Undergrad: 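Submitted below is the structure of interest, expressed as structure tokens.
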Amino acid sequence: ALSAGYEKFIVLRLPGDAAWTLAEIVVVTNWDPELIRAYDAKGLFAASPLIARLRESVLPVSFDYAKIQTERTDDTAQTATELFADFGIKNGVCLSVADKAGRRGAILFAGNRPPMSQEEIMSLSFISTHVYELLMNFEGMGAKQKDQLTERERECIYWTAAGKTSSEVGTILNISENTVNHYLSSAALKLDAVNKAHTVAKAIRLGILDR
């Protein structure tokens, strides 16, 4: 991201038509976790203009965050604009990528720099496709990460994925709510997840919850 002149990057898996949150589709990112949490808490993903464009086309998208938010189909444009501005993100480029198995995704570079030239975008697109392929291959190696989790961490993730609150998980496992949250936080660190929802989503993708 720095070599492209942008400070931030985020790698996403392109979701289906079901309801999703940003945290659930993140593969890897250096975005501030607070930005992702706020984005999801404000319900900004459903009407994301970038996700809408990615579903329609594989062409790169250079954008100004304030301008592209006007494409939102609900009343969240101002909220989204202010949120990104608060974190110093003004513009960027979104690149559609896919791996050899056909799994589509996107790599988004963001920050505050002049728009990229077509030559820069083409070069970055080529590199991004290879990066995405490597990341997808890495995600397929879930066994190692599965082994890194303790049995208690897997149990806490399992019951959280089943819709239980931390308090309810504590009752099921006969441990305190704080202890449940500790296990979930530890698991999030091991899985490089930004929050509880992202931890569950990654665990499901990696087959960690398979019993």
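Predicted, not measured: the structure shown is a model, and the values here were computed from it.
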Undergrad: List the steps, then state whether side-chain contact (heavy atoms from CB on, under 4.5 Å) holds for Ile89 with Leu83.
TA: CA-CA 9 Å; Ile89 298 178; Leu83 177 63; over 6 Å; no
Undergrad: Please name the residue in the list Leu12, Val131, Val11 that meets the side chain to side chain contact (heavy atoms under 4.5 Å, CB included) test with Val28.
TA: Val11
Undergrad: Quick one: does any side-chain atom of Ser96 pair with a main-chain N or O of Leu59 as donor and acceptor, under 3.5 Å?
TA: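 Side chain of Ser96 to backbone of Leu59: no pair is present.
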Undergrad: Please report the shortest heavy-atom distance between Val194 and Ala23, naming the atom on each side.
TA: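 Closest approach of Val194 to Ala23: CG2-CB, 4.1 Å.
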Undergrad: Please check if any side-chain donor atom of Ser166 sits under 3.5 Å from a side-chain acceptor atom of Glu177, or the reverse.
TA: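 Note: Ser166 and Glu177 side chains miss the donor-acceptor criterion.
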Undergrad: Students often mix this up, so state it plainly: with edges at 30° and 60°, are the rings of Trp31 and Phe84 parallel, tilted or perpendicular?
TA: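 Trp31 vs Phe84 ring planes: perpendicular.
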Undergrad: Looking at every heavy atom in both Lys202 and Asp192, which two are closest together, and how far apart are they?
TA: NZ-O, 3.5 Å
Undergrad: Answer whether the closest heavy-atom distance between the side chains of Ile51 and Phe45 falls below 4.5 Å.
TA: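 With C-beta onward as the side chain, the pair touches.
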Undergrad: I want to check something: taking the side chain as every heavy atom from C-beta on, are Thr81 and Tyr65 in contact at a cut-off of under 4.5 Å?
TA: no
Undergrad: Flag the pair Leu108 / Val93 as yes when at least one side-chain heavy-atom distance between them is below 4.5 Å, and no otherwise.
TA: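 They are not in contact (no side-chain heavy atoms under 4.5 Å apart), so the answer is no.
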Undergrad: Ignoring hydrogens and geometry, is there a side-chain-to-backbone donor-acceptor pair from Glu133 to Lys100 under 3.5 Å?
TA: yes
Undergrad: Are the side chain of Glu82 and the backbone N or O of Thr79 linked by a donor-acceptor pair below 3.5 Å?
TA: no
Undergrad: Looking at Ser128 and Ile107, what are the two nearest heavy atoms and their distance?
TA: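 So the two residues come closest at O-CD1, 3.4 Å.
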Undergrad: Decide yes or no for Leu54 and Cys94: does some side-chain heavy atom of the first lie under 4.5 Å from some side-chain heavy atom of the second?
TA: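 Yes, their side chains come closer than 4.5 Å.
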Undergrad: Side chains of Ser185 and Lys190, heavy atoms from C-beta outward: is any pair under 4.5 Å?
TA: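 Ser185 does not reach Lys190 side chain to side chain.
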Undergrad: Give the minimum heavy-atom separation between Leu44 and Ala80, together with the two atoms involved.
TA: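 Smallest heavy-atom distance, with atoms named: CD1-CA, 3.9 Å.
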Undergrad: May I have the step-by-step check of side-chain contact (heavy atoms from CB on, under 4.5 Å) for Arg152 and Thr179, ending in yes or no?
TA: CA-CA 10 Å; Arg152 270 292 193 236; Thr179 301; over 6 Å; no
Undergrad: Tyr6 versus Asn91: any side-chain heavy-atom pair under 4.5 Å?
TA: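 They are in side-chain contact.
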Undergrad: Applying side chain to side chain donor-acceptor pair (under 3.5 Å), name anything that partners Asp99, two or more places apart in sequence or on another chain.
TA: Arg103
Undergrad: Tell me if a side-chain donor or acceptor on His182 pairs with a main-chain N or O of Asn178 at a distance below 3.5 Å.
TA: no
Undergrad: List the atom pairs, with distances to 0.1 Å, where a side-chain N or O of residues 118-125 and a protein N or O form a donor-acceptor pair under 3.5 Å, not counting sequence neighbours.
TA:
residue: Glu120; atom: OE1; partner: Arg113; partner atom: NH2; Å: 3.2
residue: Glu120; atom: OE1; partner: Ser117; partner atom: N; Å: 2.9
residue: Glu120; atom: OE1; partner: Ser117; partner atom: OG; Å: 3.4
residue: Ser125; atom: OG; partner: Ile121; partner atom: O; Å: 2.9

Undergrad: Verify, without hydrogens or angle tests, whether Lys90 (side chain) and Ala110 (backbone) share a donor-acceptor contact under 3.5 angstrom.
TA: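 Checked: no pair found.
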Undergrad: So which pairs with a foot in residues 32-53 pass salt bridge (charged side-chain N to carboxylate O under 4.0 Å, His left out), sequence neighbours left out?
TA: Glu34-Arg37, Arg53-Glu71
Undergrad: Taking all non-hydrogen atoms of both residues into account, name the closest pair between Ser186 and Glu153 and its distance.
TA: OG-OE2, 2.6 Å
Undergrad: Decide yes or no for Trp159 and Leu173: does some side-chain heavy atom of the first lie under 4.5 Å from some side-chain heavy atom of the second?
TA: yes
Undergrad: So, does Arg13 use its side chain to make a donor-acceptor pair with the main chain of Arg104 at under 3.5 Å?
TA: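 Pair absent, no side-chain N/O of Arg13 close to backbone of Arg104.
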Undergrad: Tell me if a side-chain donor or acceptor on Glu24 pairs with a main-chain N or O of Thr21 at a distance below 3.5 Å.
TA: yes
Undergrad: May I ask you to test the Gln78-Gln69 pair for a side-chain heavy-atom distance under 4.5 Å?
TA: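 Of all side-chain heavy-atom pairs linking Gln69 with Gln78, none is under 4.5 Å.
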Undergrad: For Arg72, run the side chain to side chain donor-acceptor pair (under 3.5 Å) check against Asp75, Thr76, Thr70 and tell me which one passes.
TA: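 Only match with Arg72 under side chain to side chain donor-acceptor pair (under 3.5 Å): Thr76.
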Undergrad: What about Val58 and Leu95, same hydrophobic cluster or not, with Ile/Leu/Val/Met/Phe/Trp/Tyr joined at side-chain heavy-atom distances under 4.5 Å?
TA: no
